[in-house]
Structure formats: C-alpha cells, structure tokens
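A short write-up of the structure that comes next.
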2 protein chains.
Amino acid sequence: MSQVMGGGRRRPGRAVTMNDVAAAGVAQSTVSRILNDTPAPIPVSPETRERVLKIARELGYRPHPIARALRGAPTMLLGAIVRDITDPFFAGAVEALVLEAKAHGYSVVLGHARAAEDEALALTAVLEARQCDGIVLLGDFRAEQRLVEDLSSGHAHVVGLWHGTSRDHPFPTVGVDNRAGVRAALAHLRGLGHERIAFVGAESLGDQHDRLAAYQESMDEHGGMPSSCFLQRVSNTIEAGSGALALLLEAEPRPTAVLAATDALALGLLHGAYQLGVRVPDELSVVGFDDIPWSSASVPPLTTVKMPIAEIIATGVALCVGEGAWDGEGAPPQQVFQPQLIERLSTARAEQAALSG
Amino acid sequence: MSQVMGGGRRRPGRAVTMNDVAAAGVAQSTVSRILNDTPAPIPVSPETRERVLKIARELGYRPHPIARALRGAPTMLLGAIVRDITDPFFAGAVEALVLEAKAHGYSVVLGHARAAEDEALALTAVLEARQCDGIVLLGDFRAEQRLVEDLSSGHAHVVGLWHGTSRDHPFPTVGVDNRAGVRAALAHLRGLGHERIAFVGAESLGDQHDRLAAYQESMDEHGGMPSSCFLQRVSNTIEAGSGALALLLEAEPRPTAVLAATDALALGLLHGAYQLGVRVPDELSVVGFDDIPWSSASVPPLTTVKMPIAEIIATGVALCVGEGAWDGEGAPPQQVFQPQLIERLSTARAEQAALSG
DNA sequence: TTGTACGCGTTATCAT
DNA sequence: ATGATAACGCGTACAA
C-alpha cells in the first residue's frame, strides 16, 4: 500500500471541516449525520454514506473538539490544581490521577498554584477551569479564599483531595485518616520500646496539620514531650528533613525515634543521619508517612504509613466525572480512607539504641 | 462589605454571557469592546463603560475560553505526551515543563501514551492535540508511527524532547549529548582506576539507546568487556536495577564499577547492594545518569551525569509557543545541550575495591 | 459613540 | 433520504 496517506494539504494551517467534505455535493448537515452516525430514526442511503465517508477519509477530516465543546459537548478535560508539583507525594498523586482519568476517557490539565495569595493566579486557574468538566484540588487551598469561591461558582464539579479534616469546604472531599495513621506509627514505635519520639513536620494546612495534632494528642496521653527540640517545624523537602536531624540530636536526652509527617522529610532524615554518621535503625528509628515509591528503595528501606492513593484518586475522579456525584443539596460529603502501616527496616527495638548510645 | 458576592444564579448551570450583560440596555458588541478594552480607535463613553463594567461584575461574568478559541484565539494549552509518567525522570521533566509553560502563560495538558502500539490511543492523543497550541513529546515515539504522523499533520507546533540522536524526526528536537555524558562518566571511573566497568540500561529507544551505544564504543576502545554479565538490559525501574545487581556480582572477575543508564536504575543498584551487603563505594562504585532530585539525597549520595533539564525544557517551550519556532522549511533543527558530571559519594578509587574484594 | 451582522465548526430541528 | 437554518459565545468589520 504505497498510497499517499492522510490527505492533501499539510501546512496550509486551516483544518478540514465538514463543509470541505460537503463541497463534494451534499449538505454539511448530512455529513454531520453520517460521520456521527446519528441513531436509527434518521436514515441515510448507503451510497451517499459510502461516498461521504470516502471523501472524509481522503481529505483527512477530523472533528473539531472546540466547536463541539461550544455546542455543549463535554471537553473530557479534568483540571488538577496542585500547589507544589515539586512535592514528590503530589507528583505521585498526579500520576495516579492521570492514569485514573484516562480510564474514564479524560485527560488532565495541570493548573498551577504556586505563589500563595496571588489574586491574578486565581483568575488564571479559573480561566482554565471553564474548559474543564471537573476540577480536582490536590491539597488544601483554604488559604486561597478567592480561588475557592471562583471555583465553586463555576459549573464544573469540584472535589478536594487530601484536605484534612476541616468541615467547612464548599465541595466534597476525599482524604485519609491522618489520626489513625499517626497513632499506628506511634503504637509501632512504642511496641519497639521507644518513648522519646520526636516529630518533624511542615508548616502547612490540611493533612500535615492533622498529623501534628494527632502526634501531640498521643504524646500528651503518654506523658508529653521530653524537650522542645522534639518538635521540628520545617518546609516539606528532603533538605529540610536532612537539616532537622542535626537539631534533633541536640536534645538532652536524645530521641530514640522520629516520626516524619511525610516520606520526603523521612528520607531527608535518613540522608542527614548518614552524613552525621548516625546509624539507622541501630541508633535512631525513623518512620515516614505516605509510602512514596522511593521509600521502599531507600537505604535502609523506610517504615512508613501507606497512603491509599488509588482509592482516594478513584473516588475523587468518580465524583468529578459525575458518577457518584454530589447533587449539590445539603452538606458536601466527606469521605475518609484508612492508611496502613508498612514495617520495613528503618525501625528497630529501642534497646539497641540505648546500647549504642 | 457584607454584600452578596459573585452574582445571582449559582447552580442553574448556564454561565453568564455577554448577552446577559448586554440585556441591561446596550449591544453585545459594546460589551465585548468594553470588557476587552479594544484599542483607542474605537472610543466608548465613560458612562456606559462604568455601567457595563458594574453589571458584568454583579452578574459575575467570565469569558468563555472555548468560544474565544473557536474564533481563532490561542487556547494557551500545551499538550505533553509522555510514555510513562511513572518514570521519575519524566515526572521531573513534567514539573519543569509546567513551570516553564506557566512563565509563558500556558497550561499543560497531559496526554497519555502508555500501551505502546495502540491505535485508538493515537487518536485520543490527537484529539487532545486539536485543542492545544503546541505539543511536547517527552521521549522517543518513533515506534508509534501513526501517532507521529497524525501529530505532524495537525496545525500545532510539535517539538520532540529527549529523542536521542536520530535524524529522521519530522519536527524539531531538543536533547542532551548522551555520548558526552557517558564518556565523562567512564573517564571519571577510569581516572579512579576502574577497568572492569559494567553497564545497566533499559531496552528502549532514544536516549537510552544512545547511552548504551556510547558505552559499547568506549569499552571497545579500551579492550572490550570482560564478560557478558557486564551488560544488563532491564526495564527502567528501581526494582529492575536492584535485581540487576545480583547478576552483576556473578561475573568472574567482578566489575568494580557500574554505570547505569538512568538514576532510577542507579538508585536500584544502591538498594540492591545494601540488601546483599555490598558496600558502596568501597566494594563497588556506581554512577547514574540524569541527576533526579533523589540522587543527591540517596545513601550514599549518587555520582551522576546532570541533565540540563531547564535549558532543554525552556528551548522546547519556546519552540512550541512560536518564539524560536521552526518555519517548516528544510530539515527540522536539532538542538543538543551538554550534560555535566556531578561527583558525589557513590564512586571511589578502585584500589579500595581490590583490597576489600 | 453605539448598534447590526457575520463567521468560527458543530449539532439539532425544522422543512422538504 | 436530504437540504436549509438556527443556535452555542465571542470578536470585529461595517453601518448608523
């Protein structure tokens, strides 16, 4: 088959329209009917059908999604607004979102929401939103009031993922039980004999906030924290985790274990320990939260709380594409999934720490 | 200011149009002129201007990007087609792309191209393409003939990033000098006294292919490979890297160093070595390629070849948004940037390996 | 200074 | 069985 493929004009810019096809002797509306094979009630003669299809193929006709969208067809676009795509956890979430959206026939357009309180930015995000059938908020955007307002006044379904436990969101949310995760991690450490357990977390809304609160609550129940050093508030990066470790070691007495609010921080702690010659888990146990892909391949492999990403994403997408959609009446639903502790090699019995300390 | 914000109807679905605004006594075209403040030649009386602006605000008017796009306005959407968003390097590239696109006022829509030779998929990707002002191909898609054809027959600017050194792409490409990177890595290792240098790479087109070729070329110049084990071809994942290490250790004599085609594989090697009790770099030196964020925080920190991501993305975006755009005449330009070796702690002198082996 | 009319590419509802 | 025609929301040349 050495035929010339894909029709004539290459560069002339203008795309092939139904009119171009119709120019061969039929009405444009007929072309439309044939190309979309409109249901039975409207019949078309086999001959014209063949003829039109042939011409369309030769000309390389392809439908114009924008024109369709103007007529009310769904754009099959899902908007994802994420504060910091650099955050490894959210990067992973976006991956999962893209895959899940694809399964529903949707593509994902990435909104940007970096600079915190930028009004113009909110408008940008909303502009994008108009083209999307649904909006997925990755992380808590309560701080961006304007954005949230604009969004929920639009026509697209909005859903908030990983928005913590706050009850005042104007749209449905899906998240994880942070409290349960933190308590599982702490129980694990206590089961290994640890009592001086430190916490490293980011200054942030939503999930991070909830994890800190759960930590403090649990520590209070067990006699409180030995020293102020035990609570390090840093930005959510590897470097920050690495840096936090040095401060943790200054405490008297030292912590024997650290719970990090995210795996990024935990991996940073691991790296910091390596730099300072502190052996993990012999001298210090480390637990993370999220179970991002790298955590299983770190040295040593990280004990962490596994986030049910797939379930959360799947539920969120379903809400967005209108399957389990909220009818808009009453309070928006808030769904919570359970995390699961994954025990790997970054935690060990506290006795060992005592011996080597 | 306790006014009701954002105009009347919330849920009624139908968005506020210029006609709705015009209903207050002016023509729709007047509204258009005012809202887009058309250049000087067409003046508008200050009173009507104020009045229209006020009403528009009250009604919560917002422009309909799809209608604009239909009239020929750019969609400000950049399509990114990436084979495997799960690949940490490409995930990072997408981050960079989103940021760079934002700087130009563009948003990024993520196409999916997972299952290799799927025809339907090609169509999907193209469908998305119609809405985009430009298409960025992340990685080599030569295998997907149909997709490449459809793409280049569209009206959007297409640019291929990280497409290796092949000369037969129908669009401009921007990439890295893989050969230089590999030779720098090997020179570094040889400078440390290594001779038995193994290679682990993925079965793949484009960059990966070039890296393997460069390795073989260089090894031939230096007397060839000691054993077939020295070349492991695996999939591009941490796990695969981890698994490859075991096979590498079966070689007689053992390699004293390994060059991985990507950082993901290299980090896998590090993890595999940890599991098997092989000390890095004392017993084995490891070099990666890409310098993904985790490589600087691994244990030990990874010596690797730094990919000039920012430059490549910036050049690609410029090509796409029409700044340094190709005029379509003659052979499409191929731009290549130089990588840079980053020496960290996963490599050391070969003598140490000999002593401990 | 402002209003009318047309077209972008489709789909849907009329007539023929 | 098929052709004309009206939207969809917007920008703009043209008329008033």
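Letters A, B, ... mirror the listed sequences (proteins, then strands); counts begin at 1.
Terminal axes of the helix from C/dT1-D/dA16 to C/dT16-D/dA1 (five pairs each, C1' rotation axis) are separated by 60°, to the nearest 10°.
With 3.5 Å as the limit, one finds a donor-acceptor pair spanning the side chains of B/T48 and B/S45.
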Yes or no on side chain to side chain contact (heavy atoms under 4.5 Å, CB included) for A/V94 and A/L110, after CA distance, side-chain angles and deciding distance?
CA-CA 9 Å; A/V94 168; A/L110 283 177; 4.0 Å; yes

Stepwise salt bridge (Lys or Arg N to Asp or Glu O under 4.0 Å) check, A/K54 with A/E50:
CA-CA 6 Å; A/K54 181 162 169 289; A/E50 285 310 316; over 6 Å; no

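Formation of a donor-acceptor pair under 3.5 Å by the A/H104 side chain with backbone atoms of A/A318 is not found in this model. Looking at A/T315, its side chain does come within 3.5 Å of a backbone N or O of A/E311 through a donor-acceptor pair. Between the side chain of B/H169 and the main chain of B/F171, no donor-acceptor pair closer than 3.5 Å is present.
Dashed line: the shortest gap from a side-chain N or O of B/T17 to OP1 or OP2 of D/dC8 is not under 4.0 Å. In terms of phosphate contacts, B/T30 brings a side-chain nitrogen or oxygen within less than 4.0 Å of OP1 or OP2 of C/dG3. Contact between the side-chain N/O atoms of A/R68 and the OP1/OP2 oxygens of C/dT11 is found at a separation under 4.0 Å. OP1 or OP2 of D/dA7 has not a single side-chain nitrogen or oxygen of A/R71 nearer than 4.0 Å. At least one side-chain nitrogen or oxygen of A/T48 sits closer than 4.0 Å to the OP1 or OP2 atom of D/dT2. The side chain of A/S32 contributes an N or O atom lying less than 4.0 Å from OP1 or OP2 of C/dT11. Between A/S45 and D/dT2 there is a side-chain polar atom (N or O) within less than 4.0 angstrom of OP1 or OP2.
For A/L70 and D/dC10, the CG to P distance is 9 Å, given to the nearest whole Å. When the C1' atom of D/dG9 is taken as reference, atom CG of B/D20 falls 10 Å away, rounded to whole Å. When rounded to the nearest whole Å, the span between CE of B/M18 and C1' of C/dG3 equals 15 Å. For the pair B/L35 CG and D/dG11 P, the interatomic distance rounds to 8 Å; values are reported in whole Å. Computed from coordinates, the A/Q28 CD to D/dA4 C1' distance equals 10 Å when rounded to whole Å. Straight-line distance from the CZ atom of B/R62 to the C1' atom of D/dC10: 17 Å, rounded to whole Å. Rounded to whole angstrom, the span from the CG atom of A/N19 across to the P atom of D/dA4 amounts to 11 Å. Between the CD1 atom of B/I34 and the P atom of D/dT12 there is a distance of 15 Å, given to the nearest Å.
When all heavy atoms of B/A80 and B/L97 are compared, the pair lying nearest together is CB-CD2, 3.6 Å.
Here the nucleotide nearest the side chain of B/V26, chosen from C/dG3, D/dG3, C/dG9, is C/dG3. Counting only heavy atoms from C-beta on, A/H64 has its side chain closest to C/dT10 among D/dC10, C/dT10, D/dC8.
For a distance-only test at 3.5 Å, the side chain of B/R33 qualifies as a donor-acceptor partner of the base of C/dG3.
Rounded to the nearest 0.5 Å, atoms CG (B/L77) and OH (B/Y106) are 9.5 Å apart.
Along DNA chain C, the nucleotide nearest to B/G25 and the one nearest to B/A67 differ in position, and the one closer to the 5' end is contacted by B/G25.
Heavy atoms of B/N36 sit under 4.0 angstrom from primed sugar atoms or phosphate atoms, though from no base atom.
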